[in-house]
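Data block below; observations after.
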Amino acid sequence: MKQFQDLLYEKSGQGVSFTGLLEAMVSEVTIVTAVHNIKSNKGSKTAGVDRMKMDKYLQMPKEELFQLIQSNISNYKPKPAKRKYIEKANGKKRPLGIPTVLDRIIQECMRLILEPICEARFYPHSYGFRPYRAQKHAIRDIVNVINASVKSKDQPVWAVEGDIKGCFDNINHRLLLKKLWRIGIHDKRVLKIISQMLKAGYIDQDLYHATEMGTPQGGILSPLLSNVYLNDFDWYVGRCYMEPHRQCKHKCNDTRRLKWSGITPKYNFRYADDWVILTSTEQEAFRMKHELTKYFKHRMKLELSQEKTYVTDLRKNGIHFLGYIVKAERKRKTPDPATWSDNLVGKPFPDMERLTKKIHTLQKEVRKIGLYTQSNTQAAQIQYVNSVIMGLAQYLQPSICSHAYHAIDRRVNNTALAVWKNLFPKQYNQMQVPLKELSNLPHRHEGYDSKTFAIQIDGKWFGITYAFITHSRYESKPFDQKMTPYTEDGRRRYVNYRTKHKPLPCDRPSINTPEDIALSIYASGKGWKANFEYFMNREYAYNRDKGKCKCCGRYFSELIPKHCHHVNPRLPIERINKVPNLAWLCIPCHRMVHNSPIPPELDAKAVRKIKKYREKLKK
DNA sequence: GGGCGTGTCAC
RNA sequence: UUUGUGACACGCCC
C-alpha cells in the first residue's frame with residue numbers, strides 16, 4: 001500500500017494525471033487498510049442512518065465485505081448522512097453530517113488513494129488537515145517569516161486576517177469537481193462517486209434534505225476536499241511572491257528581482273478555512289483584502305466576511321490565529337550589546353480570552369474532587385485534572401506562555417486549597433507535598449520542590465501537577481517542508497524531527513477508574529471465529545511475534561508451518577479476535593498445546609510456554 | 001520496535 | 001449521546 005502511495009505522490013509531483021483509480025480504491029489491500037484506519041475511531045461505535053455499526057462489518061467473513069464493496073462500487077449510491085448539531089466554543093451550533101459506516105469505509109478507501117495525489121500539489125504553507133502538520137508549525141512559519149527580514153526596510157508587519165463565511169457548507173460542487181480534475185484525478189467514475197456523495201443529502205429528524213452545496217462536516221473525505229478547493233487560492237497569492245519558483249520554473253524566481261519589479265512582498269498561510277497574509281505596507285494589505293473579496297466571489301463562489309476580515313498592524317495589535325495571538329514586538333533587551341538590537345521580531349502569545357474560559361472549566365473539574373468520598377475516585381479525578389493541565393500546557397508550548405502557565409497554576413492551586421480545606425479541615429496543611437515526592441507522573445515531577453495538594457493511598461501520594469513544568473518550547477527550529485508520509489526522504493525527516501523531542505518514559509501505579517469496572521462486565525456469545533477482524537488482527541500479532549513461533553522461537557517457513565492460536569477460545573466474539581488473544585505457533589507446538597504428548601528432548605523454555613497456553617485453554 | 005486505550009488543542 | 005483530520009501527552013499490553 002505504502003509503495004503504491006509513494007508512486008502516486010511521485011507521479012503527481014511530476015504533473016502526471018491518473019485514470020483507473022477506482023480499481024486501486026477497491027483492491028483488497030486498500031479495503032483492509034481503510035477498515036484498519038477507521039475502526040479505532042470514536043465514531044466506529046456510532047451508527048449512521050442505516051443503524052449499522054462497525055462491529056457488523058468486522059464480524060463479516062472477509063470475502064463478503066470485499067464483495068459488498070466491489071460489486072456496488074461501479075454504480076455506487078451513498079446513503080444520506082445523519083444530521084447532528086454540536087456546541088462550538090463560541091456557543092453557536094455546528095451542523096454535522098454523519099455518513100453510514102459503509103460510506104465511511106468507502107470514503108476512507110478513496111482518501112487512501114486521493115491523498116497522495118493531492119499532497120504532491122498542495123501549497124507548502126497550508127497546514128490544516130494535512131499529514132505531519134499542526135497548528136504550531138503554522139505559527140512557527142509565520143514567526144520565521146517576520147524574523148527572516150528583520151533587518152530589511154519592508155518587514156511584513158501588516159496582516160490580512162481572513163474569514164470565509166461557512167466555508168465547508170458553501171463549497172460549490174461543480175467547481176470542486178473541476179478542481180479535482182485539474183489536480184490530476186482524471187477518473188470519471190471516481191468523480192461521479194464524489195459527486196453522488198456530495199449530493200447524498202442528510203436526514204434531520206426523519207426528514208430528508210437535499211444538498212446543493214457544501215461538503216458534509218463529518219465525512220472522511222471532506223477535509224481533503226476542502227484543501228483541494230482552497231489550494232488554488234493558496235497558489236493565487238503565493239505564486240506572486242512566496243513560492244514563485246514552484247509553478248513557473250523558467251521565469252524569474254529571484255525574490256530580489258521581484259522586489260525590483262515593483263511587487264510588494266506578501267506571505268500567505270492557511271489552516272483549513274483560516275488564513276493570514278503578511279505584507280509590508282498598509283496600502284498593500286487593503287488592496288489584497290479588496291482583491292481577494294472579488295477573487296473569492298467570482299473564482300471560488302465563496303463569500304469573504306468584510307467585518308471579520310481584519311487588516312492589522314502587527315506592531316500595534318496581534319492577529320488571532322489558531323488560538324494564538326501573533327504580534328511584532330521589539331526584541332527583549334539582553335545584557336550583551338552584541339546580541340541586542342532594536343528590530344522587531346514575531347512573537348506568538350496565548351489567546352488569553354480563550355484560555356480564561358478553559359481555566360474556568362478546569363476549576364470546575366478540580367472542585368469535583370471534593371464531591372467524591374472514596375480516595376480511589378478522588379485520585380482518578382486528580383489524574384483527569386492532570387491530563388487537562390498537561391493538555392493545556394502542551395498546547396501553549398510553542399508560544400510565549402510562562403505568564404499563562406502561572407495563571408493556570410495559581411487558579412488551580414487556589415481552587416484546590418478550598419477543596420482540601422473542605423475535605424480535610426484538620427490536616428489539609430500536611431497534605432501539601434513537594435512534587436518530587438508524588439507517585440503519579442514521577443518523571444515529570446523529578447527534582448521539583450514546589451508543594452502541591454495531594455491525597456495518600458497505601459502510603460503513596462497522588463497530587464495535582466503544575467503547568468509550569470512543561471517548559472515553553474518557543475525557540476524550536478523551523479518546520480521542515482519536505483516532511484511527508486509519501487516519500488522515503490519525507491518519512492526519514494519526520495522520524496528525525498520526532499526523536500529530537502524525545503518522550504520521557506514514565507512509571508506510575510495505575511488506579512481503578514469507574515470506567516475500568518464497567519469494562520470488566522461482558523456479555524458472552526457465540527459467532528464467527530474467522531471474521532474480518534480476525535483476519536486483520538492476526539497480521540498485527542504476526543508482526544508483533546516477528547514471524548516466530550511463540551513457544552519454540554523458530555522462524556516460520558515452508559518447512560515450519562504456522563497456525564494462529566486463540567489463547568482463550570471461550571472469550572465473547574468482540575474480544576476473541578483482539579491482538580492480545582492471538583498467538584502464532586508452529587504446527588507441532590500448537591498440537592502440543594492441544595494436549596498431544598511433549599517429547600522429552602524439547603527445550604525447557606518451550607515446554608514451560610506450552611504448559612502456560614494449556615492452562616489458559618482450560619480456564 | 002509494534003498494538004490498544006485515555007486525555008488536551010486546532011479547524 | 002459528538003463526525004472528521006492532524007498534532008501532542010499519558011497509561012496499559014506484547
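Computed from a predicted model, the values in this text were never measured in an experiment.
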Which nucleotide in the list [options] gets nearest to the side chain of [X]?
| X | options | value |
| --- | --- | --- |
| A:His36 | B:dC11, B:dC9, B:dC4 | B:dC4 |
| A:Met390 | B:dC9, C:U5, C:A9 | C:A9 |
| A:Lys358 | B:dC9, C:A7, C:U5 | B:dC9 |
| A:Ile98 | C:U5, C:A9, C:U3 | C:U3 |
| A:Glu108 | C:U5, C:G6, B:dC9 | C:U5 |
| A:Asp274 | C:A7, C:U2, B:dC11 | B:dC11 |
| A:Arg354 | B:dT8, C:U2, B:dC11 | B:dC11 |

Take atom [atom1] of [X] and atom [atom2] of [N], then tell me their distance rounded to the nearest Å.
| X | N | atom1 | atom2 | result |
| --- | --- | --- | --- | --- |
| A:Leu396 | B:dT8 | CG | P | 14 Å |
| A:Arg270 | B:dC11 | CZ | P | 14 Å |
| A:Gln135 | B:dC11 | CD | P | 8 Å |
| A:Gln397 | C:A9 | CD | P | 8 Å |
| A:Tyr229 | C:U5 | OH | C1' | 20 Å |
| A:Met352 | B:dC9 | CE | C1' | 16 Å |
| A:Met197 | C:U3 | CE | C1' | 13 Å |
| A:Trp584 | B:dG3 | CH2 | C1' | 16 Å |

Inset, instruction - May I ask you to check whether over 12 heavy atoms, not counting those of A:Lys79, lie within 6.0 Å of atom NZ? - result: no

Inset, instruction - Check whether more than 12 heavy atoms from other residues, nucleotides or ligands sit under 6.0 Å from atom NE2 of A:His209, and answer yes or no. - result: yes

Inset, instruction - Would you please test A:Val388 and A:Tyr384 for side-chain contact (heavy atoms from CB on, under 4.5 Å) and show each step? - result: CA-CA 6 Å; A:Val388 177; A:Tyr384 172 70; 3.8 Å; yes

Base, sugar-phosphate, or nothing: which does [X] touch, judged by heavy atoms less than 4.0 Å apart?
| X | result |
| --- | --- |
| A:Leu96 | base |
| A:Tyr132 | sugar-phosphate |
| A:Gly219 | sugar-phosphate |
| A:Tyr384 | sugar-phosphate |

Legend entry - Point-to-point distance, once rounded to the nearest 0.5 Å, from OG1 of A:Thr100 to CD1 of A:Ile106: 7.5 Å

Inset, instruction - With rounding to the nearest 0.5 Å, note down the distance linking CE in A:Met197 to CG in A:Leu221. - result: 4.5 Å

Legend entry - Presence of A:Lys84 side-chain N/O under 4.0 Å of C:U2 phosphate oxygens OP1/OP2: yes

Inset, instruction - Please determine if a side-chain N or O atom of A:Tyr395 lies less than 4.0 Å away from the OP1 or OP2 oxygen of B:dC11. - result: no

Legend entry - Result of checking A:Phe269, A:Phe321, A:Phe233 against A:Trp275 for ring-ring contact (aromatic ring centres under 6.0 Å, His included): A:Phe233

Legend entry - Pair A:Gln481, A:Arg133: side-chain N/O donor-acceptor within cut-off below 3.5 Å: yes

Inset, instruction - Could you tell me whether the side chains of A:Gln135 and A:Tyr324 share a donor-acceptor contact shorter than 3.5 Å? - result: no

Legend entry - Position toward the 5' end of RNA chain C (nearest nucleotide), A:Pro99 or A:Arg133: A:Pro99

Inset, instruction - Give RNA chain C the dot-bracket treatment, 5' to 3': Watson-Crick (N1-N3 with N6-O4 or O6-N4) or G-U (N1-O2, O6-N3) under 3.5 Å, [ ] crossing, | other strand. - result: ...|||||||||||

